[in-house]
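Data block below; observations after.
Count residues from 1 along the sequence. Only a predicted model underlies this, so the values are computations on that prediction, with no experimental measurement involved.
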Amino acid sequence: SCNDQLTTEDAQKVSEETVLSNTTGLNMVLNSAYYWLLLGGSSYYDQVSANYSGLPGFALHYDVGGPDILCTNNYGGAPEASYKYLSSRTMSTGDASYIWGKMYKIINQANIIIDALNTATGEDDVKKEIKGQALAMRAISYFHLLINYQQTYAIAKDKRGVILRTSASDEAEKGFSTVQVCYDQIVADLEEAKLNLQDFQRDEKWQIDADVVSGILARVYQVMGNWNGALTEASTAYQNYSTLMSKEEWYSGFDDLMANNCAELMWGVK
């Protein structure tokens, strides 16, 4: 018309500046990061790449493989390759990029959140909770990058690790850090996360709280050979989840543990 210009911009689209300017918007970004961490983002419903679908998929990728597993060709390509330890798990076919790309997607989102919190509006307690969860997700992502793309800490701490990005404003081209430096960052992130989440009362079991952070930190310390630290953190995590599941809960299968509020379950996703 003569007075207004017709555009194709989505009328409901919210600008990045608006989303990152307050804790409400940052919580939405945080939920997006959870979606990638726990469900693998857009490929969650893709049978072909189910073993790369977030942390539940990684459990298949890491633990199910071996000569005692029989897998037909009917279950997609990547899971079968994981179970059989085929060469397609390497860079020869490109599958090696799956975990790398997904973990850095989460790291980038976590960094955007952490950077924006300094100037965002909202209550300080909410900011602490958001930052604690973002730090924990960043640490988890770096941990999985290291256990996938380098040998274990005891023999590789002075070798090349991964690319450490701790701010959304980091330069595009950045070099690799050593495994030791990477683990130092992981531990620092988890310790700060636990401090920020000490009063956080989560609404859902898929959210990360201080107990979950202690459990993750215990595993990190175990890989690093810090046995006293592992025992301390594992004991801390165990305190609120020491009631083991009942015989009936065990026999019912694990699909309903969240719905039935199983006391043993510390962290899970439907």
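Atom CG of Asn228 is surrounded by 12 or fewer heavy atoms from other residues, nucleotides or ligands within 6.0 Å. No more than 12 heavy atoms of other residues, nucleotides or ligands shown are found within 6.0 angstrom of CD on Glu123. The environment of NZ in Lys174 is crowded: more than 12 heavy-atom neighbours from other residues, nucleotides or ligands sit within 6.0 Å.
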### Query
Should Thr166 and Gln185 be marked as a side chain to side chain donor-acceptor pair (under 3.5 Å) after you check the CA-CA gap, both sets of side-chain angles, and the distance that decides it?
CA-CA 9 Å; Thr166 55; Gln185 184 66 53; 5.4 Å; no
### Message
Checking Thr121 against Asn22 for the side chain to side chain donor-acceptor pair (under 3.5 Å) test, could you report, in this order, the C-alpha distance in whole Å, the side-chain angles of both residues, the deciding distance, and whether it holds?
### Response
CA-CA 5 Å; Thr121 60; Asn22 56 75; 5.0 Å; no
### Message
What verdict does the side-chain contact (heavy atoms from CB on, under 4.5 Å) test give for Phe143 and Ile216, after you've listed the backbone C-alpha separation in whole Å, the side-chain angles of each residue and the deciding distance to 0.1 Å?
### Response
CA-CA 10 Å; Phe143 181 60; Ile216 295 163; 5.6 Å; no
### Message
With side chain to side chain donor-acceptor pair (under 3.5 Å) as the criterion, how do Gln180 and Asp184 come out once you've worked through the C-alpha distance, each side chain's angles and the decisive distance to 0.1 Å?
### Response
CA-CA 6 Å; Gln180 180 67 67; Asp184 289 344; 3.0 Å; yes
### Message
Go through it in stages, so that I can follow the logic: the residues are Arg202 and Ile208, the test is side-chain contact (heavy atoms from CB on, under 4.5 Å), and I'd like the CA-CA distance, side-chain angles, deciding distance and then a yes or no.
### Response
CA-CA 8 Å; Arg202 60 186 177 177; Ile208 298 172; over 6 Å; no
### Message
For Ile147 and Thr152: C-alpha separation, side-chain torsions, deciding distance, then whether side-chain contact (heavy atoms from CB on, under 4.5 Å) applies.
### Response
CA-CA 7 Å; Ile147 62 178; Thr152 193; over 6 Å; no
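Of the inter-residue distances, the one linking Thr23 atom OG1 with Met28 atom CE reads 10.0 Å to the nearest 0.5 angstrom. Note that the CG atom of Leu217 and the CG atom of Leu190 stand 5.0 Å from one another [nearest 0.5 Å]. Here the CH2 atom belonging to Trp36 is positioned 10.0 Å from the OG atom belonging to Ser53, to the nearest 0.5 angstrom. Rounding to the nearest 0.5 Å gives a distance of 10.0 Å between CG of Asn196 and CD of Gln133. The CG atom of Leu37 lies 13.5 Å from the NZ atom of Lys105; values are rounded to the nearest 0.5 Å. Here OG of Ser32 is found 12.5 Å from CG of Asn27. Values are rounded to the nearest 0.5 Å.
In this structure a side-chain-to-backbone donor-acceptor pair under 3.5 Å is present from Lys102 to Gly40. For Glu191 (side chain) and Ala188 (main-chain N/O), no donor-acceptor pair under 3.5 Å exists by modelled atom type. Distance alone, capped at 3.5 Å, places no donor-acceptor pair between the Gln198 side chain and the Lys194 backbone. A donor-acceptor contact shorter than 3.5 Å is absent between the side chain of Tyr153 and the backbone of Val220. Side chain of Glu129 to main chain of Phe200: no donor-acceptor pair is present (N/O by atom type, distance under 3.5 Å, no hydrogens or angles). When atom types are taken as modelled, the side chain of Tyr104 and the backbone of Ile163 share a donor-acceptor pair closer than 3.5 angstrom. Using a distance-only test at 3.5 Å, with no hydrogens or angles considered, a donor-acceptor pair links the side chain of Lys127 to the main chain of Ala120. A donor-acceptor pair is defined here as one N or O able to donate and one able to accept, closer than 3.5 Å; such a pair exists between the side chain of Tyr142 and the backbone of Arg165. Listed for the Arg138 side chain is no donor-acceptor partner under 3.5 Å among the backbone atoms of Asn108.
Ile140 and Trp267 get closest at one heavy-atom pair: CD1-CH2, 4.0 Å. Taking each heavy atom of Ser169 and Asp115 in turn, the nearest pair found is N-OD2, 3.9 Å. Pairing each heavy atom of Ala156 with each of Gln150, the nearest pair is CB-CG, 3.9 Å. A pairwise comparison of heavy atoms in Ala218 and Ala234 identifies CB-N, 3.6 Å as the closest pair. Closest heavy-atom contact between Asp170 and Leu164: OD2-O, 4.1 Å. The two residues Ala33 and Ile106 have their closest heavy-atom pair at O-CG1, 4.2 Å.
Residues Lys131 and Ile114 form a side-chain contact, since some pair of their non-hydrogen atoms from C-beta on lies under 4.5 Å apart. A heavy-atom distance below 4.5 Å is found between the side chains of Asn31 and Trp206. The shortest side-chain heavy-atom distance between Gln151 and Val179 does not fall under the 4.5 Å cut-off. Looking at Lys205 and Asn261, their side chains come closer than 4.5 Å, going by heavy atoms from C-beta outward. Side-chain contact between Lys157 and Tyr183 is absent, with no heavy-atom pair separated by less than 4.5 Å. Side chains of Ile130 and Ile113 form a contact here, defined as non-hydrogen atoms less than 4.5 Å apart. Considering only heavy atoms from C-beta on, Pro56 comes within 4.5 Å of Val269 through its side chain. The shortest distance between side-chain heavy atoms of Met245 and Leu257 falls below 4.5 Å.
When hydrophobic clusters are built by joining Ile, Leu, Val, Met, Phe, Trp and Tyr residues whose side-chain heavy atoms come closer than 4.5 Å, directly or via intermediates, Met258 is grouped together with Tyr251. A continuous path of hydrophobic side-chain contacts links Phe176 to Ile186 [ILVMFWY only; heavy atoms under 4.5 Å]. Tyr238 and Leu265 fall into different hydrophobic clusters, where Ile, Leu, Val, Met, Phe, Trp and Tyr residues are linked whenever their side-chain heavy atoms come under 4.5 Å apart, directly or through other members. Hydrophobic clustering (ILVMFWY, side-chain heavy atoms < 4.5 Å, transitive): Trp250 and Leu244 are in distinct clusters.
For the 3.5 Å distance criterion, the side chains of Ser167 and Asn111 fail to qualify, holding no donor opposite an acceptor.
Here Ala193 pairs with Leu135, Ala136, Val213 under the side-chain contact (heavy atoms from CB on, under 4.5 Å) rule; sequence neighbours left out.
The residue from Phe58, Tyr149, Tyr52 that alone fulfils the ring pair (Phe, Tyr, Trp, His ring centres under 6.0 Å) condition with Tyr98 is Tyr52.
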